[in-house]
Trainee: 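Got a structure for you, written out below as structure tokens; questions coming shortly.
Order of appearance sets the numbers: ligands from 1, and atoms from 1 within every ligand. Basis for what follows: all heavy atoms, side chains included, without hydrogens, waters or symmetry-related copies.
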Amino acid sequence: MPGLGVVGIQWGDEGKGKIIDMLSRYADVVVRFQGGANAGHTIVAEGKKVILHLVPSGALHEKKYCIIGNGVVLDPEVLKREIEELKSLGFLKDDRRLMVSGLAHLIMPYHKKLDVLKESKGSKKIGTTGRGIGPAYEDKMGRMGIRVVDLLDKKVFKERVKENLELKNFLIKRYYKEEPFKIREIIKAYDVYRKFLKRYAKDTSAFLHRCIEKDMDILFEGAQGTYLDIDHGTYPYVTSSNTVSGNIASGAGVPPSSINYILGVCKAYTTRVGEGPFPTELFDDTGKRIREIGGEFGATTGRPRRCGWFDAVIAKRAIRLNGVNGLAIMKLDVLDGFEKIMVCTKYRMRGRIIDEPPMGIEEYRECVPVYEEMEGWRSSIRGIKSFEELPVNAKNYLRRLEELLQTKIDIISTGPERENTILINLYFRERRSA
Ligand code: IMP
């Protein structure tokens, strides 16, 4: 049975990039199934720094198939730039291994414009990445979207752009009082993308079915995190796709039975970018210290991330939502030197103690964490490669997390480099040696 899903169980930026990069080495195929260029991870490979937004990180390893699934909203401008950059760095030598689903929806220039305009007007700012994600998914659900396969047909594409522009330009001109888009300019820009995308556009679902039949190892690469999920996150302060493992099947076009193990990734503390509730957020020097030591600034927008203690309430719910089988605890070394470490085990909300995240956004804002205090380890664990070598208080912290979350830890990250990792269980390698 071939499928491993990797998902974030906090608000994104959990460090999935490092884990996916490591696991990609053992996989045959790496698949993105949701989100778009709002995601971003920085990978250092062969001494070269690469920031990927769309291309699955399998592209940094030779002989991997990389799939951008139907559930992704694809910005062809970003994809083109990324492929060119990867090639100039000596990666993606055989680019036929990169495939884009013909059913993926395209991000159009008006999506990006509307994303930014919507954020600038009115009081309900979400703090989006401005990559056009929300407006593109709105069009997909509203059955107005334009897919890769539509772009490949010149006539269909022109008709679809025309229909869309009537409405979009009305909104841009009348409501936002901005310059409308000219159809000619869009057609011209996307002519270039048509020629470029032709090479990569495929029936990726059929391809994946063949891979499943051949029992190949498939890695499904989640973007963002559980609390940015459109249904299960802190709505409306979320992204516009389902980020939970349940969406792997529809976003990649594979049966749920092909997903056999879910690895949940979280940091040893919590961060969030953009607006929205975050019960364990720290506004004091400790929060600042975590941000500085952890280098907590967004890979896509460079924004400083909000930082706080580990929140076991949200992590536990996310584990159940995603069916997490094992955990990767990232950036444990960032907590080196803290005298005390807090873990939120429950919330106090409107005079009650609760152990599930609330449904209403106002209730969420009113949640006050109930903390358990743990002793810090006050020494450097940077680069430690085995659990036994960890200081006793670090072991206690991890064991307490396992207990609270009722889930075993598979991987612990003790530094940014690939080799700064404690591997307890590596799904693909385990499978291979089984
Ligand atoms: P959007 O996905 O650009 O629409 O942004 C919606 C919310 O999701 C904002 O709060 C963003 O900061 C957040 N977000 C989107 N992508 C990521 C990500 O990859 N990491 C962390 N936060 C993200």
Trainee: On a heavy-atom basis, I'd like to know which of Gly127, Ser241, Gly274 is closest to atom 11 (C) of ligand 1.
Mentor: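 Looking at heavy atoms only, the winner is Gly127.
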Trainee: Name the closest protein heavy atom to atom 2 (O) of ligand 1, giving the residue it belongs to and the distance to 0.1 Å.
Mentor: Thr239 OG1, 2.6 Å
Trainee: Please check whether Ser240 reaches ligand 1 - meaning an N/O of the residue sits under 3.5 Å from an N/O of the ligand, judged on distance alone.
Mentor: no
Trainee: Using the six-membered ring of Phe297, assess whether NZ or CZ of Arg303 lies under 6.0 Å from its centre and within 45 degrees of the ring axis.
Mentor: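 Arg303 over Phe297 ring: no.
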Trainee: Run down the list Leu228, Val73, Thr271, Asn38 and name the one with the heavy atom closest to atom 14 (N) of ligand 1.
Mentor: Leu228
Trainee: Can you tell whether the side chains of Lys16 and Glu221 come within less than 4.0 Å, N to carboxylate O?
Mentor: no
Trainee: With atoms numbered from 1 as shown, which atoms in ligand 1 lie under 4.0 angstrom from a non-hydrogen atom of Ala39?
Mentor: 19 (O)
Trainee: Is there a nitrogen or oxygen of Gln224 sitting under 3.5 Å from a nitrogen or oxygen of ligand 1?
Mentor: yes
Trainee: Give me the residue, atom name and distance of the protein heavy atom closest to atom 10 (O) of ligand 1.
Mentor: Val273 O, 3.3 Å
Trainee: Might you work through the salt bridge (Lys or Arg N to Asp or Glu O under 4.0 Å) test for Lys80 and Glu84, ending with a clear yes or no?
Mentor: CA-CA 6 Å; Lys80 187 167 181 291; Glu84 284 166 359; 3.0 Å; yes
Trainee: If we ignore angles and hydrogens, is there a donor and acceptor under 3.5 Å between the side chains of Asp21 and His61?
Mentor: yes
Trainee: Below 4.0 angstrom from a heavy atom of Arg303, which ligand 1 atoms are there? Numbered from 1 as shown, please.
Mentor: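 Ligand 1 atoms under the 4.0 Å threshold to Arg303: 11 (C), 12 (O).
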Trainee: Kindly assign one of parallel, tilted or perpendicular to the pair Trp11 and Phe278, based on the angle between their ring planes and the thresholds 30° and 60°.
Mentor: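 Aromatic pair Trp11/Phe278 classed tilted.
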Trainee: Using a 3.5 Å distance criterion without hydrogens, assess whether the side chain of Asn325 forms a donor-acceptor pair with backbone atoms of Ile262.
Mentor: yes
Trainee: Arg272 to ligand 1: N or O pair under 3.5 Å?
Mentor: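 Not met; the criterion fails.
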Trainee: Flag this pair as yes if the NZ/CZ of Lys121 is under 6.0 angstrom from the six-membered ring centre of Tyr175 and inside a 45 degree cone about the axis; otherwise no.
Mentor: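 The answer is yes; both the distance and angle limits are met.
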Trainee: Give the atom numbers and elements of ligand 1 that come within less than 4.0 Å of a heavy atom of Ile126.
Mentor: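 The list of qualifying atoms is 10 (O).
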Trainee: Give me the nearest non-hydrogen protein atom to atom 5 (O) of ligand 1 as residue plus atom name, then the distance to 0.1 Å.
Mentor: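 Minimum-distance protein heavy atom for atom 5 (O) of ligand 1 reads Thr128 CA, 3.3 Å.
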Trainee: To check your reading of the model: name the closest protein heavy atom to atom 20 (N) of ligand 1, its residue, and the distance in Å.
Mentor: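 Its nearest protein heavy-atom neighbour is Asp13 OD1, 3.0 Å.
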Trainee: Should Lys173 and Glu178 count as an ion pair when the cut-off is N to O under 4.0 Å?
Mentor: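 No, this pair does not count.
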Trainee: Just by distance, do the side chain of Glu14 and the backbone of Gly12 share a donor-acceptor pair under 3.5 Å?
Mentor: yes
Trainee: For ligand 1, which part of Val238 has a heavy atom less than 4.0 Å away: the side chain, the backbone, both, or neither?
Mentor: backbone
Trainee: Could you tell me whether Trp11 approaches ligand 1 through its side chain, its backbone, both or neither, with non-hydrogen atoms closer than 4.0 Å?
Mentor: backbone
Trainee: Do Trp309 and Tyr269 have ring centroids that are under 6.0 Å from one another?
Mentor: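 They do not qualify: ring centres at least 6.0 Å apart.
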Trainee: Is there a polar contact between ligand 1 and Thr129, counting only N or O atoms under 3.5 Å apart?
Mentor: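 N/O-N/O distance under 3.5 Å: yes.
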